[in-house]
Amino acid sequence: MRKSFAVTLPAAALGAVAARDLLQRRHSILRNFPVVGYARYWLESIGPELRQYIVAANDEERPFSRDQRRWVYASAKLQNNYFGFGTDNDLEHSDGNVIVHHRTFGRAYPTHGAVGQEARLPSAKVLGGPRGRRHAFRPASVVNISGMSFGSLSGNAVEAINRGAAAAGCLHNTGEGAVSPYHRKGADLVFQIGTAYFGCRDEDGRFSLPRLKELVESAPIRALEIKLSQGAKPGLGGVLPAPKVSPEIARTRGVPEGEDCLSPSRHAEFHDVDSLLDFVELLADETGLPVGIKSAVGDLGFWQELADAMEDGERGVDFVTVDGGEGGTGASPLIFTDAVSLPFRLGFARVYRMFAQRGLHEDVTFIGSGKLGLPDNAVVAFALGADLVSVAREAMLAAGCVQAQKCHTGECPTGVATQNRWLAHGLDPLDKAIRVENYVKTLRRDLLKVAETCGVEHPALLGPDSVEVLDTLSHGTLLDELYGYEPGWGYPSARDRAEIAAIMAAVDEEESRTEGPPESAEDGRPSEDLAGEEVTH
């Protein structure tokens with residue numbers, strides 16, 4: 001009797017589902033193929049995972065290929081991140097391949113490294129120094145964490161990234177969602193001021209200078225970044241739906257709990273270049289901090305006006321963060337993701353040229369953002385004139401992201417881009433902090449090694465004549481020719497070059513046991529072995 005019931009009950013349930021499928025009219029597949037048609041929806045839901053693990057070749061998957069993800073994951077875990085049997089890039093038939101020009105003879109310099117792939121790579125420029133900001137400083141790392149808000153990322157993910165940044169000695173950009181408790185785990189911060197002024201707004205949602213000054217006094221904020229736009233969705237304001245506006249997020253952002261949290265598409269405190277520069281100088285005078293802007297690149301009229309207005313030296317931004325259209329960590333409409341704002345290399349080169357033509361490029365710190373957390377892309381950025389690079393999705397990968405591409409749904413399976421407590425609890429911030437630290441240090445170490453291969457002490461000393469982009473096997477173009485750079489562009493000033501060379505030569509570190517991540521004969525210490533230990537910095 002019990003056996004018969006055990007068979008009959010599932011059969012009846014399947015029959016009921018089949019009857020419902022046959023009678024409904026919304027889904028043709030289910031109406032034609034009751035019950036079994038659900039397999040199609042299941043396969044579609046795990047499509048990204050199937051493609052990246054089974055279907056796609058090593059270099060095909062986007063936005064990050066299997067090779068790229070493997071390099072990040074292995075670097076984060078201190079595992080073997082070497083590749084065997086040569087490149088699988090199609091050098092024979094594809095175009096756009098980047099080739100770095102190594103040099104047979106270079107200047108005399110020491111090789112720096114320590115166990116764990118650490119490389120000390122401070123900025124070649126002093127942030128805020130040329131404009132005499134009271135709290136100007138030389139960033140300790142050329143690799144830093146880009147803006148990702150608490151709200152877009154879970155608290156555990158933000159904490160892991162902050163702890164990792166602290167241990168690696170790099171800056172952590174807060175994103176426009178204000179400074180949360182998870183941003184206060186040791187790392188120095190770049191506070192991003194978005195269009196909604198979260199964290200520095202009054203009860204009416206307008207910018208509040210007193211609240212900004214209170215925040216700066218209470219948090220380890222080293223610089224202020226005014227966000228004009230971002231590569232993934234330039235010109236669009238953000239929306240955090242009411243169900244995601246938890247009491248914690250409401251307190252952090254200074255907004256009502258349980259109501260839609262809207263970010264306008266543009267700032268209310270300024271409306272043109274002139275008023276923007278007035279706002280920049282106000283913030284710098286009142287806080288003493290370096291102040292810069294972040295923007296994607298579209299119409300060049302804004303950049304021309306900005307460079308023209310700064311030419312007399314009276315007012316100006318301390319840094320410019322150029323975000324490429326290939327960037328993006330959250331959600332945006334497809335047309336904006338795919339077709340609004342220029343890719344990094346093209347956009348950055350055009351902006352840099354605007355400043356260089358007016359002799360301003362040596363006094364502004366240029367920061368690149370948009371898939372620059374991979375060594376080859378970062379090298380191109382430095383060769384084009386970037387002084388720092390900011391990484392976002394690569395840091396997410398180091399913290400556990402598997403590129404499930406569900407950031408916009410709140411259903412991130414690894415707890416990185418979600419506010420679901422159950423999903424977020426699976427991410428151990430102490431364990432993942434170590435992975436973020438390892439990733440940043442390994443990227444710096446690879447950049448240092450490439451610089452040495454090219455005969456210079458620091459990646460910022462690579463010029464546009466050090467990198468070539470191949471069209472075919474019969475033709476390639478150097479970056480300076482490709483983007484119309486004049487002689488001397490793409491470098492810091494002569495004084496900054498001399499200072500950073502002296503800084504690098506003065507660093508006295510113990511050589512690492514290996515030339516980088518452990519090779520196949522030597523296993524690294526994965527972060528699981530360190531789970532539960534306190535992260536120190």
Side-chain angles (χ1 to χ4, degrees), residues 61-65 68-69 72 95-98 142-148 152 173 175-176 190 192 194 225-236 292-300 302-303 306 317 319-355 361 364-397 403 405 407 443 447 459-460 462 464 467 469 479 482-485 490:
E61 187 71 11
R62 293 293 181 267
F64 290 87
S65 71
Q68 292 169 335
R69 292 196 315 277
V72 173
D95 58 12
N97 290 292
V98 170
V142 298
V143 178
N144 299 288
I145 305 298
S146 191
M148 295 179 284
S152 176
N173 191 304
E176 65 177 314
V190 176
Q192 189 178 89
E225 180 181 78
I226 302 170
K227 176 184 168 184
L228 303 179
S229 63
Q230 66 185 82
K233 48 183 177 183
L236 285 185
I293 58 172
K294 174 180 180 176
S295 181
V297 181
D299 175 39
L300 292 179
F302 161 74
W303 297 102
L306 178 62
V317 297
F319 63 93
V320 171
T321 302
V322 174
D323 198 15
E326 61 270 66
T329 58
S332 62
L334 183 62
I335 179 64
F336 283 82
T337 297
D338 288 351
V340 181
S341 82
L342 291 172
F344 171 78
R345 295 177 190 175
L346 189 56
F348 182 90
R350 290 182 180 179
V351 169
Y352 184 91
R353 189 162 60 239
M354 291 282 185
F355 286 84
H361 57 299
V364 175
T365 292
F366 289 94
I367 304 174
S369 177
K371 208 175 179 181
L372 301 184
L374 303 166
D376 52 343
N377 290 345
V379 165
V380 173
F382 284 111
L384 285 173
D387 302 294
L388 308 171
V389 294
S390 293
V391 301
R393 287 174 296 179
E394 298 88 341
M396 292 169 63
L397 291 170
Q403 194 170 276
Q405 297 179 294
C407 312
L443 176 56
L447 291 175
L462 292 169
V467 178
V469 179
L479 290 181
L482 190 62
Y483 295 111
Y485 275 33

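Bear in mind that the values here come from a model prediction, so they are computed numbers and not experimental data.
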Which distance, rounded to the nearest 0.5 Å, do you find between the CG of L342 and the CG of D323? 12.0 Å
Work out which heavy atom in L384 is nearest to a heavy atom in F348; give both atom names and the distance. O-CE2, 3.4 Å
Does N173 have any side chain to side chain contact (heavy atoms under 4.5 Å, CB included) partners at least two apart in sequence or in another chain, and if so, which? V190, Q192, E225
Taking the side chain as every heavy atom from C-beta outward, state whether I367 and V322 have any pair of such atoms under 4.5 Å apart. no
Please answer whether the main-chain N or O of A296 pairs with a side-chain N or O of S229 as donor and acceptor at a distance below 3.5 Å. yes
I want to check something: taking the side chain as every heavy atom from C-beta on, are L462 and V467 in contact at a cut-off of under 4.5 Å? no
Ring pair (Phe, Tyr, Trp, His ring centres under 6.0 Å) partners of Y485, counting only residues at least two apart: Y352, W489
If you take all heavy atoms of S146 and A392, which pair is closest and at what distance? CB-CB, 3.9 Å
Gap separating the CG atom of L374 from the CZ atom of R69, nearest 0.5 angstrom: 11.5 Å
For L300, enumerate each residue passing the side chain to side chain contact (heavy atoms under 4.5 Å, CB included) test, keeping only those at least two apart in sequence or located in another chain. V297, W303, R350, M354
Under the side chain to side chain contact (heavy atoms under 4.5 Å, CB included) rule, collect the residues that match up with A381, sequence neighbours excluded. F344, L372, A386, V389
Check side chain to side chain donor-acceptor pair (under 3.5 Å) between D387 and all other residues, then give those that pass, not counting sequence neighbours. K125
Rounded to the nearest 0.5 Å, the NZ atom of K294 sits from the CG atom of L228 at a distance of 10.5 Å
Of the options E394, Q68, R345, K371, which is the one that meets N377 in a side chain to side chain donor-acceptor pair (under 3.5 Å)? R345
Which distance, rounded to the nearest 0.5 Å, do you find between the CD1 of I145 and the OG of S369? 11.0 Å
